[in-house]
Amino acid sequence: MSLRLGDTVPDFEAITTEGPIKFYDYLGNGWGVLFSHPADYTPVCTTELGRTALLKEEFAKRNVKVLAVSVDPLDKHLGWRNDINETQNCTVDFPIIADEEKIVANLYDMIHPNASATATVRSLFVIGPDKLLKLSLTYPASTGRNFYEVLRVIDSLQLTAKYGVATPADWKNGEDVIVVPATTTEDAIKKFEKGVNVIKPYLRYTPQPDI
Ligand code: BEZ
């Protein structure tokens with residue numbers, strides 16, 4: 001069965017381009033992004049892994065460890081990684097899992113047989129420090145993901161975890177956030193010292209608390 005939001009994500013051991021890893025140990029007490037791609041030496045995947053490497057500082061600022069996975073073997077990953085570094089002007093130094101036995105792919109339901117019987121689709125999971133699933137995305141092979149959107153969602157998730165606020169449509173870091181329905185307006189006024197803007201009893205904004 002596929003993973004659902006709030007589920008504890010499965011732990012695993014894997015061979016990667018950075019050596020053997022135990023997933024939970026690799027994540028430690030921070031956040032994680034685990035994402036699959038259909039195959040090595042393919043153009044869209046090359047740009048996705050390159051973009052992820054170029055955003056290394058952004059992931060680090062947010063205390064997020066990233067890991068990629070595909071069902072190709074380690075030697076293929078290593079050769080392809082050189083191409084990614086060359087063509088995308090980057091240094092890929094996060095682990096790429098060599099999931100030849102499809103252990104991770106099956107644990108995380110990354111193979112969708114009606115899309116491809118053998119290759120992983122573009123699955124992406126954001127995992128919280130509690131090892132619970134916070135976000136899952138599934139993209140088709142032909143569409144590269146937007147890694148700025150992944151960072152934006154992580155910003156929103158981290159604000160929710162720390163301050164119990166939600167974020168509106170198309171929210172960007174620095175913009176006002178939403179007081180969640182579980183908080184009364186009276187409590188919100190006490191909690192958010194920058195003020196609460198009540199548009200409707202259920203639609204209340206406050207400036208982003210951490211800036
Ligand atoms: C790619 O990663 O470039 C790709 C993979 C499968 C189908 C289409 C594109």
Side-chain angles (χ1 to χ4, degrees), residues 1-12 21-36 48 51-68 94-95 107-110 122-139 143-211:
M1 195 170 69
S2 60
L3 282 172
R4 293 176 291 197
L5 298 190
D7 288 355
T8 299
V9 299
D11 196 11
F12 56 81
I21 61 150
K22 290 183 172 174
F23 186 47
Y24 276 20
D25 291 349
Y26 174 72
L27 294 181
N29 294 321
W31 293 69
V33 169
L34 173 70
F35 66 108
S36 60
E48 285 195 327
R51 173 67 71 225
T52 305
L54 291 167
L55 290 172
K56 174 182 174 157
E57 308 281 307
E58 295 300 322
F59 285 108
K61 254 195 319 207
R62 293 162 176 82
N63 194 22
V64 179
K65 297 256 183 75
V66 299
L67 276 116
F94 54 84
L107 272 177
Y108 281 78
D109 198 27
M110 291 165 165
R122 292 187 199 285
S123 299
L124 185 147
F125 302 97
V126 176
I127 298 145
D130 49 10
K131 308 291 180 291
L132 301 184
L133 181 64
K134 307 296 181 186
L135 170 83
S136 76
L137 296 174
T138 308
Y139 274 42
T143 305
R145 287 157 286 198
N146 183 332
F147 287 84
Y148 296 102
E149 169 64 3
V150 175
L151 290 170
R152 191 189 75 88
V153 178
I154 291 169
D155 285 340
S156 171
L157 288 166
Q158 293 188 343
L159 281 174
T160 304
K162 196 158 177 198
Y163 301 100
V165 292
T167 55
D170 300 333
W171 172 84
K172 289 190 285 305
N173 205 351
E175 294 178 353
D176 286 356
V177 299
I178 281 181
V179 177
V180 293
T183 306
T184 64
T185 298
E186 193 187 352
D187 285 348
I189 290 165
K190 284 188 214 143
K191 183 174 175 183
F192 301 116
E193 54 194 35
K194 293 179 186 165
V196 177
N197 180 16
V198 181
I199 310 290
K200 293 277 183 191
Y202 60 86
L203 179 60
R204 299 152 307 162
Y205 290 89
T206 187
Q208 186 174 321
D210 62 345
I211 54 172

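Keep in mind it's a predicted model, so treat the numbers as computed, not measured. Just the heavy atoms: all of them, side chains too, but no hydrogens, waters or symmetry mates, feed the values below.
- Inter-residue side-chain proximity for Trp171 and Ile178 is flagged as unmet; no heavy-atom pair is nearer than 4.5 Å.
- Residues Phe125 and Val9 form no side-chain contact, since every pair of their non-hydrogen atoms from C-beta on lies 4.5 Å or further apart.
- Using modelled atom types, no side-chain atom of Thr8 and backbone atom of Leu132 make a donor-acceptor pair closer than 3.5 Å.
- With contacts defined as side-chain heavy-atom distances shorter than 4.5 Å, the pair Phe59/Ile154 qualifies.
- Side chain of Asp187 to main chain of Thr184: no donor-acceptor pair is present (N/O by atom type, distance under 3.5 Å, no hydrogens or angles).
- More than 12 heavy atoms of other residues, nucleotides or ligands lie within 6.0 Å of NZ in Lys194, so this atom counts as buried by the packing criterion.
- A 4.5 Å side-chain heavy-atom check between Arg145 and Leu124 finds at least one atom pair inside the cut-off.
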(request) Apply salt bridge (charged side-chain N to carboxylate O under 4.0 Å, His left out) to Glu149 and Arg152, showing your working. (result) CA-CA 5 Å; Glu149 169 64 3; Arg152 191 189 75 88; 2.6 Å; yes
(message) Walk me through whether Gln208 and Tyr163 qualify under side-chain contact (heavy atoms from CB on, under 4.5 Å).
(response) CA-CA 9 Å; Gln208 186 174 321; Tyr163 301 100; over 6 Å; no
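- The closest side-chain heavy-atom distance from Ile127 to Trp31 is not below 4.5 Å.
- Between Pro10 and Tyr108 there is a side-chain heavy-atom pair separated by less than 4.5 Å.
- Comment: Glu58 engages Arg62 in a salt bridge, judged by a side-chain N to carboxylate O separation of less than 4.0 angstrom.
- Checked by atom type and distance alone, the side chain of Arg204 pairs as donor or acceptor with a backbone atom of Thr183 at under 3.5 Å.
- In terms of heavy-atom proximity, Pro207 sits nearest to Gly195 at CD-O, 3.5 Å.
- Cation-pi geometry between Lys56 and Phe94 is not met: the NZ or CZ atom fails to fall both under 6.0 Å from the ring centre and inside 45° of the normal.
- You'll find the side chain of Phe35 reaches within 4.5 Å of the side chain of Thr52, heavy atoms only.
- At most 12 non-hydrogen atoms from other residues, nucleotides or ligands lie less than 6.0 angstrom from CG of Asp170.
- With a 4.5 Å cut-off on side-chain heavy atoms, Leu159 and Asp155 do not count as touching.
- Of the possible donor and acceptor atoms, none in the side chain of Ser123 sits under 3.5 Å from a partner among the backbone N and O of Ser36.
- Between the side chain of Lys65 and the backbone N or O of Gly30 there is no donor-acceptor pair closer than 3.5 Å.
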